[in-house]
S.K.: 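Below is the structure I would like to discuss, written out as structure tokens.
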Amino acid sequence: MKRFLISLIFFILLILVWAGCTGELAFLGLNESLWSPFVLPSPQVVAQYLWDNTINGKIPLSMLITLRRLLIGYAIGLVLGVPLGMLSARFRSVSDTLGVLALGLQALPSVCWVPLACIWFGQTEAALLFVVIMGTLWSVLLSTQNGMRSVPPIYARAARTMGSSPLHTLVFVTLPASAPFVVSGMKQGWAFAWRSLMAAEIYVSVVSGFGIGQYLHYGRELQRMYQVIGIMFIIILVGLLADKILFSPAEAWLHRRWGTDKE
């Protein structure tokens, strides 16, 4: 509760500073904006934009479209990344080839995949999914590989002593023991996928539906700074909710389960 109150007070102070810079705190003598409203709109204007477009259904609809793209691309990235990470951790030849490739491609900014996706797939949903998969795959692969290598070798030796086959040891001993690190990689992969999709939606416009990233792009094109800031708030909120509701509790439980927590 104390941590929540500290965070709440901090963000309230940030909003008050923002309001003061836009001249909305007249009772404190701050009734003149430091910047033009076209450059820095007030919190009230941004909140009104978010409220109006939530009530009329535009933001919820665009969020559903964006989350559908994100979940599909992220799921494909997980399905490919986890097994490839297991192979890379198990076989040195895979680590020296695919692992090195993944390390290089992970350092590539997600937006760099957008031109390639547009040339290969055009202005289609496939282009958006390709960028999300590329943003997820390599991060998950490397995290799975590093997580499995962090498992003490005594686990595998004990399993083999009791008659476990190499495949059985890999799937039922090494992988569960590395689960806390794999979940951490999944969380990182989610963050990369989210950023990748935002970059893709800014540059790829498809007729099947406008996502959150496309509203961000049109806000810039139409010089609606209140729209840009409002959509940025939504992007940040989704990222925080995914971390606090999904990944952090699972990660903490697994670390406690395997005795790898630092507390």
S.K.: Using atom types as modelled and distance alone, determine if a side-chain donor or acceptor of Ser62 lies under 3.5 Å from a backbone N or O of Ile59.
M.R.: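 Yes; judged by distance alone, with no hydrogens or angles, the pair exists.
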S.K.: Looking at Val39, is its backbone amide N or carbonyl O close enough to the side chain of Gln223 to form a donor-acceptor pair, meaning the two atoms are under 3.5 Å apart?
M.R.: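 No.
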S.K.: Locate the shortest heavy-atom distance separating Gly211 from Arg69; write the atom from each residue and the value.
M.R.: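 It is N-NH1, 3.8 Å.
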S.K.: For Ala193 and Val132, work out which heavy atoms get closest and say how close.
M.R.: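 Shortest heavy-atom separation between Ala193 and Val132 comes out as CB-CG1, 3.9 Å.
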S.K.: Hey, quick one: are Ile119 and Leu128 part of the same hydrophobic cluster, counting side-chain heavy atoms closer than 4.5 Å, chains of contacts allowed?
M.R.: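 Result: yes, single cluster for both.
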S.K.: Please answer: with hydrophobic residues joined when any side-chain heavy atoms are less than 4.5 Å apart, are Val45 and Leu14 in the same cluster?
M.R.: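 Unlinked, Val45 and Leu14 end up in two clusters.
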S.K.: Would you please name every residue forming a side-chain hydrogen bond (donor to acceptor under 3.5 Å, both in side chains) with Ser95, sequence neighbours left out?
M.R.: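 Once residues adjacent in sequence are excluded, the partners of Ser95 under the side-chain hydrogen bond (donor to acceptor under 3.5 Å, both in side chains) criterion are Arg149.
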S.K.: As an exercise, state the distance from CG of Leu78 to CG of Leu71, rounded to the nearest 0.5 Å.
M.R.: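 Spacing of CG (Leu78) from CG (Leu71) equals 10.5 Å.
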S.K.: Taking the side chain as every heavy atom from C-beta outward, state whether Met134 and Gln106 have any pair of such atoms under 4.5 Å apart.
M.R.: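 Contact flag for Met134/Gln106 side chains = no.
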S.K.: Does the plane of the ring in Phe130 sit parallel, tilted or perpendicular to the ring in Trp113? Use 30° and 60° as the thresholds.
M.R.: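 Correct class here is perpendicular.
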S.K.: Check the pair Trp190 / Leu70 against side chain to side chain contact (heavy atoms under 4.5 Å, CB included), numbers first and verdict last.
M.R.: CA-CA 9 Å; Trp190 174 273; Leu70 177 66; 3.4 Å; yes
S.K.: Go through the steps to decide whether Val228 and Tyr215 satisfy the test side chain to side chain contact (heavy atoms under 4.5 Å, CB included), and finish with yes or no.
M.R.: CA-CA 8 Å; Val228 172; Tyr215 274 104; over 6 Å; no
S.K.: Are Leu98 and Leu103 grouped together when hydrophobic residues (ILVMFWY) are joined by side-chain heavy atoms under 4.5 angstrom apart?
M.R.: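 Same hydrophobic cluster.
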S.K.: What are the two closest non-hydrogen atoms of Val100 and Asp96, and how far apart are they?
M.R.: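 Between these two residues, the closest heavy atoms are CG2-O, 3.4 Å.
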S.K.: Given the rule that I, L, V, M, F, W and Y join up when any side-chain heavy atoms are under 4.5 Å apart, are Leu101 and Leu116 in one cluster?
M.R.: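 They do share one cluster, since a chain of ILVMFWY contacts under 4.5 Å joins Leu101 to Leu116.
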S.K.: Drop me the distance from Leu197's CG to Ile133's CD1, to the nearest 0.5 angstrom.
M.R.: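 Going from CG on Leu197 over to CD1 on Ile133, the span is 11.5 Å.
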S.K.: Locate the shortest heavy-atom distance separating Val131 from Ala117; write the atom from each residue and the value.
M.R.: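 The answer is CG2-CB, 3.8 Å.
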S.K.: With a 4.5 Å cut-off on side-chain heavy atoms, are Leu216 and Ile212 touching?
M.R.: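 No, side chains not in contact.
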S.K.: Would a hydrophobic clustering, with Ile, Leu, Val, Met, Phe, Trp and Tyr connected at side-chain separations under 4.5 Å, put Val182 with Phe192?
M.R.: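 No, Val182 does not connect to Phe192 through the hydrophobic network.
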S.K.: Does any non-hydrogen side-chain atom of Tyr218 lie less than 4.5 Å from one of Arg224?
M.R.: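 Side-chain contact under 4.5 Å: no.
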S.K.: Okay, side chain of Tyr203, backbone of His217: is any donor-acceptor separation there less than 3.5 Å?
M.R.: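 Judged by distance alone, no pair lies under 3.5 Å.
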S.K.: Suppose we screen for ring-ring contact (aromatic ring centres under 6.0 Å, His included). Which residues come up paired with Tyr226, at least two apart in sequence or across chains?
M.R.: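 Here the qualifying residues are Tyr49.
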S.K.: Which heavy-atom pair separates Leu142 from Gly99 by the least distance, and what is that distance?
M.R.: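 Closest approach of Leu142 to Gly99, heavy atoms only: CD2-O, 3.9 Å.
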S.K.: Drop me the distance from Leu16's CG to Ile9's CD1, to the nearest 0.5 angstrom.
M.R.: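 Leu16 CG to Ile9 CD1: 11.5 Å, rounded to 0.5 Å.
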S.K.: Where the side chain of Ser139 meets the backbone of Thr136, is there a donor-acceptor pair that is under 3.5 Å apart?
M.R.: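 Judged by distance alone, no pair lies under 3.5 Å.
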S.K.: Looking at OG of Ser93 and CG of Leu87, how far apart are the two atoms once the value is rounded to the nearest 0.5 Å?
M.R.: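 One gets 9.5 Å once the value is rounded to the nearest 0.5 Å.
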S.K.: Are the side chains of Thr66 and Trp194 in contact, using a 4.5 Å heavy-atom criterion?
M.R.: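 Yes, close enough: below the 4.5 Å cut-off.
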S.K.: Show your reasoning for whether side chain to side chain contact (heavy atoms under 4.5 Å, CB included) applies to Val204 and Val114.
M.R.: CA-CA 8 Å; Val204 181; Val114 177; 4.0 Å; yes
S.K.: Return yes if some donor-acceptor pair links the side-chain N/O of Glu201 with the main-chain N/O of Met198 below 3.5 Å, else return no.
M.R.: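 Here the side-chain-to-backbone pair does not exist.
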S.K.: What are the two closest heavy atoms between Ala102 and Leu141, and how far apart are they?
M.R.: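 For Ala102 and Leu141, the tightest heavy-atom pair comes out as CB-CD2, 3.9 Å.
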S.K.: Using modelled atom types only, decide if a donor and an acceptor are shared between the side chain of Ser88 and the backbone of Leu84 within a distance under 3.5 Å.
M.R.: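 Absent.
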S.K.: Show the atom names and distances, to 0.1 Å, of all donor-acceptor pairs under 3.5 Å that link a side chain in residues 229-245 to residues at least two apart or in another chain.
M.R.:
from: Asp243; atom 1: OD1; to: Ser248; atom 2: OG; distance (Å): 3.3
from: Asp243; atom 1: OD2; to: Ser248; atom 2: OG; distance (Å): 3.1

S.K.: Is there side-chain contact between Ile6 and Phe11, with at least one heavy-atom pair below 4.5 Å?
M.R.: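 Ile6 vs Phe11: side chains apart.
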S.K.: Quick one: pull up OG1 in Thr54 and CE in Met63 and give me the separation to the nearest 0.5 Å.
M.R.: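 Answer for the OG1-CE pair, Thr54 versus Met63, is 10.5 Å.
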S.K.: Starting at OG of Ser143, measure out to CE of Met186 and round the result to the nearest 0.5 Å.
M.R.: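 Taking OG in Ser143 and CE in Met186, the distance rounds to 10.5 Å.
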